[in-house]
Protein chains: 2
Amino acid sequence: MSTIKPAPSIEHADATVRAKRTRGGPKGLRITDVAAQAGVSPITVSRVFNNPESVAPETLERVRQVVQKLGYVPNRLAGGLSSARSRLVAAIVPTVSHSLFSETIQVFSETMSRAGYEVLLALSGYSASNEESLLDTVLSRRPEGVLLTGVAHTESLRGRLKNVGIPVVETWDMTDTPIDMLVGFSHYQIGVAVAGHFLARGARRPALISANDARALARRAGFRERLAQEGIEDVPEEQVAPPSSVAHGKRALPQLLARARDIDAVFCGSDLLAIGALGAARQMGVQVPSQLAICGFGDLEFATETTPQLTTVRVEGTRIGVNAARFLLDRLSGETSVAEPRALDVGFTIVTRESA
Amino acid sequence: MSTIKPAPSIEHADATVRAKRTRGGPKGLRITDVAAQAGVSPITVSRVFNNPESVAPETLERVRQVVQKLGYVPNRLAGGLSSARSRLVAAIVPTVSHSLFSETIQVFSETMSRAGYEVLLALSGYSASNEESLLDTVLSRRPEGVLLTGVAHTESLRGRLKNVGIPVVETWDMTDTPIDMLVGFSHYQIGVAVAGHFLARGARRPALISANDARALARRAGFRERLAQEGIEDVPEEQVAPPSSVAHGKRALPQLLARARDIDAVFCGSDLLAIGALGAARQMGVQVPSQLAICGFGDLEFATETTPQLTTVRVEGTRIGVNAARFLLDRLSGETSVAEPRALDVGFTIVTRESA
DNA sequence: CTGAAAGCGCTTACAG
DNA sequence: CTGAAAGCGCTTACAG
């Protein structure tokens, strides 16, 4: 038997109301608490946060004092629901531990937060199907804009995004048919350029070590295409699983050489792979770059300093991030409309260290 | 499709209601749209997403079909407001372009998202005041948990966080007085250990190149303390601004040598600084490690391969991320309570490449 | 297993 | 410059 008796003096109707009002327990401060203390209406408190110019200076000051004293922090879940403005943007990237993408995220995030937006980070790994289920999760937060990595998205993802109608920037790649806006560079052209670089240096038998994600495949296609123009059709390849690492490169080069010992140039999918390949070459007594030219991708700072034998491709990840943010912000502030699509090719540079 | 029929004649009173109802324009699908199509109530649709076991199999199937067909994505701003569960956790880190923190963020994010949480990323830079205003922004989203970097927070931030009552994990450092939970290691002990390592190798005149953020200062303190035990009080230092880079290290070493040309060991704040210092040493004709020992911090993969002359300190950023996530999740699932604070020291290892 | 009513904490659209 | 009323799209707490 229960020894606890409900307070008898409260009417039933009242008890019900009260029970409902407190569901979830006594939460934090609400805008009405601040309003009451400051002797104004909730709308005025709201204006203090969202439109301070429209509030009389003394009122502003008084409300701010109360906010400060109480430690009130507005609830943006409520604010966002009410105003249909979440002040949130989503960034969907394969990974953040690869320093190339993290540079982009860094400046993107800095730029967006300066403009009053916060960043919801979603890591997609390297699979497109994953990206799509992630998108739903992300869209449930009603972001006002989305940054996507790459241009290889499923049709249903593209359709969904177009349907939602929020600004979208695809990054780190190029295409003629972006979903909306675009900041990147052509992986295909990089492949072409690296092949050209190898050829100009006298290479006759170039090979490839790379992953098989969409962007790596585009570089591969450009690389092979350019070589085919010179009649080189047989290009030995070694595929590695992302994320790429020094260890992968170290393992891949000997395998490549075992299958084709006469290769004289290798295009690696990343600087880490290139460093690994360089290490393997050293162990096997192969001179780089005289016997074997090696080109990486990324132009990581440390590589420049420690491995002058390597060639690499520099891409400005920070420029991508800052411009992606600007594109989004321009659209969000109404400066540009969907009618004016925007695309920016930030390009790339082949960097040869010895000459630098 | 016969679904889109403009309702013909609406009474005026009704028109007003509609105007208010549509403020913000004709937004997306609502739960009521799905409910209507599926012939159930909105609550049932809600259950399909949040508590599917409580719904009859056929109902479940029918609702899911409609959701699929319509492309409905629930609004979590509304859901979070209503349930007081945002399903959001915040991660406040100085930067994400430094690969050490990004490793932590990567696995933290992966682990949290597997458990149904999304990550709000907040970059604080290296200033504590910045961190505090960031916290308010972050708290306005009503996250259910917070990951913090370091333990050096202002008192008001600590108080605020305790007040809010959500689980907090501090990371990448150690303290006896955590706000709540803790996963990290002792920077002071690292300083002690590196000094001990240098001494054991016969160094008599160790020096320091590092930033002056809280964690770097802790390493410095441990380093100096250990040296003081051997009577070495004068420790030449060069301070660099974060984020550290190869260029900084390259500039710092000559300055250090100009002031104290007899130094025989340098503890650098990061592997990048160490690589820069190594480059400068090479240019100056100083042999590493025989004439000058150099120790970095981070044990970055590429450094292991390309700069075997360097010693470094390995810290497992991924272990920090995964455990921080677990601590948070255990608390969120009610498996642990505030009454049982949790702290984990993941430790560190001094790595000497030549012996490896 | 399912639903009608009320409420989460804000902001919009008016009106004054 | 300020406020009263209504609504944003969900979920909770009941009841059946």
Side-chain angles (χ1 to χ4, degrees), chain A residues 12-36 38-63 72-87 140-142, chain B residues 13-36 38-63 72-87 139-142:
Chain A
H12 277 296
D14 229 279
T16 306
V17 169
R18 162 179 287 229
K20 299 211 168 181
R21 195 165 278 156
T22 12
R23 54 178 203 157
K27 302 272 58 158
L29 292 163
R30 289 153 307 180
I31 201 170
T32 49
D33 299 320
V34 176
V40 295
S41 74
I43 313 104
T44 300
V45 178
S46 171
R47 288 195 184 102
V48 168
F49 284 99
N50 303 314
N51 197 10
E53 314 81 53
S54 73
V55 178
E58 311 95 66
T59 313
L60 193 62
E61 182 53 23
R62 188 152 33 95
V63 172
Y72 169 71
V73 178
N75 183 333
R76 286 220 177 177
L77 296 174
L81 175 60
S82 185
S83 66
R85 298 214 49 190
S86 64
R87 289 266 167 208
S140 74
R141 305 280 175 193
R142 300 297 186 262
Chain B
D14 234 280
T16 307
V17 169
R18 159 177 289 230
K20 300 214 168 181
R21 196 166 277 156
T22 12
R23 54 181 203 158
K27 302 274 56 159
L29 292 162
R30 289 153 307 180
I31 201 169
T32 49
D33 299 319
V34 176
V40 295
S41 73
I43 313 104
T44 299
V45 179
S46 170
R47 286 193 186 106
V48 167
F49 284 100
N50 302 315
N51 197 10
E53 314 82 52
S54 73
V55 179
E58 309 95 68
T59 313
L60 192 63
E61 183 52 24
R62 186 152 34 94
V63 172
Y72 169 72
V73 178
N75 184 331
R76 284 220 179 178
L77 296 174
L81 175 60
S82 185
S83 67
R85 298 214 48 190
S86 64
R87 289 267 166 206
L139 289 180
S140 74
R141 305 281 174 191
R142 300 298 187 261

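Labels below follow one simple rule: chain letters A, B, ... track the order of the sequence lines, proteins then strands, and each chain is numbered from 1.
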Atom pair distance, as rounded to whole Å: CG in B:Leu139 and P in C:dC10: 13 Å

Separation of D:dC10 P from B:Asn51 CG (nearest whole Å): 17 Å

Watson-Crick or G-U pairs under 3.5 Å in DNA chain C, rendered as dot-bracket with [ ] for crossing pairs and | for another strand: |||.||||||||.|||

Side-chain N,O (A:Ser46) to OP1/OP2 (C:dT11) below 4.0 Å: yes

Residues from residues 73-80 of chain B lying under 4.0 Å of DNA chain C - heavy atoms: none

Polar side-chain contact A:Arg142-D:dG9 base: donor and acceptor under 3.5 Å: no

Closest nucleotide among D:dT11, C:dT2, C:dC10 to the B:Ala56 side chain: C:dT2

B:Leu81 CG to D:dT12 P, straight-line distance once rounded to whole Å: 12 Å

Minimum-distance nucleotide (side-chain atoms of B:Arg30 versus D:dG9, D:dC1, D:dT12): D:dG9

Whole-Å distance separating the CD1 atom of A:Ile31 from the C1' atom of D:dA5: 15 Å

Nucleotide nearest B:Ser41 (side chain, heavy atoms from C-beta), chosen from C:dG3, C:dC10, C:dC14: C:dG3

Value in whole Å for how far the C1' atom of D:dC10 lies from CD1 of B:Ile43: 11 Å

Among C:dC10, D:dC1, D:dT11, the one nearest B:Ser82 by side-chain distance: D:dT11

Any residue meeting side-chain contact (heavy atoms from CB on, under 4.5 Å) with B:Asp33, in chain and number order, not counting sequence neighbours: B:Leu29, B:Arg30

Selected nucleotide, minimal atom distance to B:Thr59 side chain, candidates C:dT2, D:dT11, D:dG3: C:dT2

Length of the CD-P vector between B:Glu61 and C:dC1, whole Å: 16 Å

Atom pair distance, as rounded to whole Å: CG in B:Leu29 and C1' in D:dC8: 15 Å

Whole angstrom value for the distance that separates C1' of C:dG9 from CZ of B:Arg85: 19 Å

Under-3.5 Å donor-acceptor pair between A:Thr32 side chain and C:dG9 base: no

